[in-house]
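A quick write-up on the structure given underneath.
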Amino acid sequence: MTTRYQAPRGTQDVLPDMQPYWDAVLEGIREVTRLHGFRRIDTPAFEYAGVFEKGSGDTTDIIEKEMYVFEDRGGEKLALTPEGTPAICRAYLEHGMASWPQPVRLYTTHAMFRYDRPQKGRYRQHTQFDCEVFGSADPLVDAEVIAVLWRLYERLGIRNVTVRLGSLDDWDARRAYIERLKDYYRPHLEKLSEDSQRRFARNPLRLLDSKDERDQPLKEGAPKLVEQLSAPAQAHHEAVTGALAAAGIAYAVDPLLVRGLDYYNRTVFEVVPNDDERAQGTLGGGGRYDGLIELLGGPPTPGIGFGTGIERLILEMQKNGVAFDDGSTASVYIVQRAEGAGAKVFALAAELRDLGVATLIGETGKSMKAQMRGANHSGARLAVIIGEDEWAAGQAVLKDLAGEGDQETLPFAAVAATVRERLEQIATKISAAG
RNA sequence: GCGGGCGUAGCGUAGUGGUUAACGCGUCUGAUUGUGGCUCAGAAGAUCGAGGGUUCAAAUCCCUCCGCUCGCCCCA
């Protein structure tokens, strides 16, 4: 096969068969955010690159090697959104949300772009459901944000997931901890994997989630931040875990949990399937970022949020056996096989649609058999058949495509009303049986 | 950026030097009925990922490139 045109690397088409999953996810998001009082915000597909360079930390991989940056024709340096939080923070500042009633709860679903090497569950364009809460440092808000995620997964039929919870303490305490961590590792540098030697220099926290066997022995004895939190961070952490436990959310405190972005403090979390140890099995993650708004030039403003990848959610739904019926696109299919009937048939279809009935018309000139096949494929429940005989007599045949295929003949003028009546009867029968 | 696997009709596969590249599903057309599904019959659909090389002869062997995929780094 010569594929002359194909979607760019790391992107994908969402074909009709997959749309029910997207519908279910988006509907779930709408419902769950409603229950938690979040309001929707949409930000542009691209931003000035500085928003992310400043917001995400310009030494993170996302910025250094994964961001799609480009100059527009006016010489502005722009970037396709690699991450939602900084963009929403920008909007918070731009629209003066600090003077809205606090806290401000926002959510969005947004296409994210990262120049990564694609693999299963990792794409150059993916979609994230993002939630952010600004203006509250209350640990109950941390728990609430996690609860939003949890409720969504539950609703979508995703079982067997665990919230991994950690705390990065506050900024100064974390810096001190990183020094302790480096002191611990420094005498053993040669024993570490090459990757971890690089981590030591660049991002010491990452030492803790190395998968390399050579790094495991040292990991166990390493100082754990979550076990030596400062008093305020410790109290905060306990309030979060207490709330989660009370709400029946399955969390596990993970002293080795590391989140990639610079701006987090205190609570960090991610949600992973219990049976999946792959690194990109992570369904969602987030944390508190009390310093971020200030970093972007605003007033000191606490914040917390998460992102969860919708493509990964859908993969996980499929793994959990969530399936959908083939969506039928029509309720009625008009089979028309009569010279000169086209305009009248078209008007009938319009009448049916005015009544809210999804209607398709068989292709003019095709055989009755071919049109009936079309009716079958369309998923329509009823067929309206107008052959030469019916047309000449001013009639139409109404056929039930389920079961035996019962038929009734009726005057053409009565078709629309009868169709609606029959569909209503069928609907009540189904709901009575269901 | 690094390493492994794989590229044959829309999809899933068979074919590993030798006639017009095969099968299943799907699509289209027809038969049984001016009427779908089941069954049956037929048709369309493949420059065998691309380019080059070896050979009398290449889907099959060699080289290069491209793409997909899995893993690492990292992330949703």
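This one's a predicted model, so the numbers in the text were calculated from it and none came from an experiment. Each chain gets a letter, A, B and so on, in the order the sequences are listed, and its residues count up from 1.
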Legend entry - NZ or CZ of A:Lys77 within 45° of A:Tyr48 ring axis and under 6.0 Å: no

Legend entry - Pair partner, B:C73 [Watson-Crick or wobble, under 3.5 Å]: none

Inset, instruction - Using a cut-off of strictly less than 4.0 Å, decide whether A:Arg117 has a side-chain nitrogen or oxygen near OP1 or OP2 of B:C70. - result: no

Legend entry - Single hit among A:Asp400, A:Leu382, A:Val332 for side-chain contact (heavy atoms from CB on, under 4.5 Å) with A:Arg422: A:Leu382

Inset, instruction - To the nearest Å, give me how far apart NZ (A:Lys399) and P (B:G36) are. - result: 7 Å

Inset, instruction - Indicate whether OP1 or OP2 belonging to B:U69 is found under 4.0 Å from a side-chain N or O atom of A:Lys120. - result: no

Inset, instruction - Assess whether one donor atom and one acceptor atom, taken from the side chain of A:Lys366 and the base of B:U29, lie less than 3.5 Å apart. - result: no

Legend entry - Distance-only donor-acceptor test (3.5 Å): side chain A:Gln371, base B:G34: no

Inset, instruction - May I ask you to verify if any side-chain N or O of A:Arg202 is less than 4.0 angstrom from the OP1 or OP2 atom of B:C74? - result: no

Legend entry - Base of B:A76 and ring of A:His126 stacked, centres under 5.5 Å, planes under 30°: yes

Inset, instruction - Determine the contact category for A:Asp212: base if any of its heavy atoms lies under 4.0 Å from a base atom, sugar-phosphate if only primed atoms, P, OP1 or OP2 are that close, otherwise nothing. - result: nothing

Inset, instruction - Give A:Ser367 one of three labels, base, sugar-phosphate or nothing, depending on what nucleic acid heavy atoms sit under 4.0 Å from its own. - result: sugar-phosphate

Inset, instruction - Considering just the side-chain nitrogens and oxygens of A:Lys369, establish if one lies under 4.0 Å of OP1 or OP2 belonging to B:G30. - result: no

Legend entry - Residue of the set A:Thr308, A:Leu165, A:Val163 for which side-chain contact (heavy atoms from CB on, under 4.5 Å) holds with A:Val271: A:Val163

Inset, instruction - For A:Phe306, answer base if it contacts any base atom (sugar-phosphate contacts may also be present), sugar-phosphate if it contacts only those atoms, and nothing otherwise; contact means non-hydrogen atoms under 4.0 Å. - result: nothing

Inset, instruction - Give one of base, sugar-phosphate or nothing for A:Arg124, where a contact means two heavy atoms less than 4.0 Å apart. - result: nothing

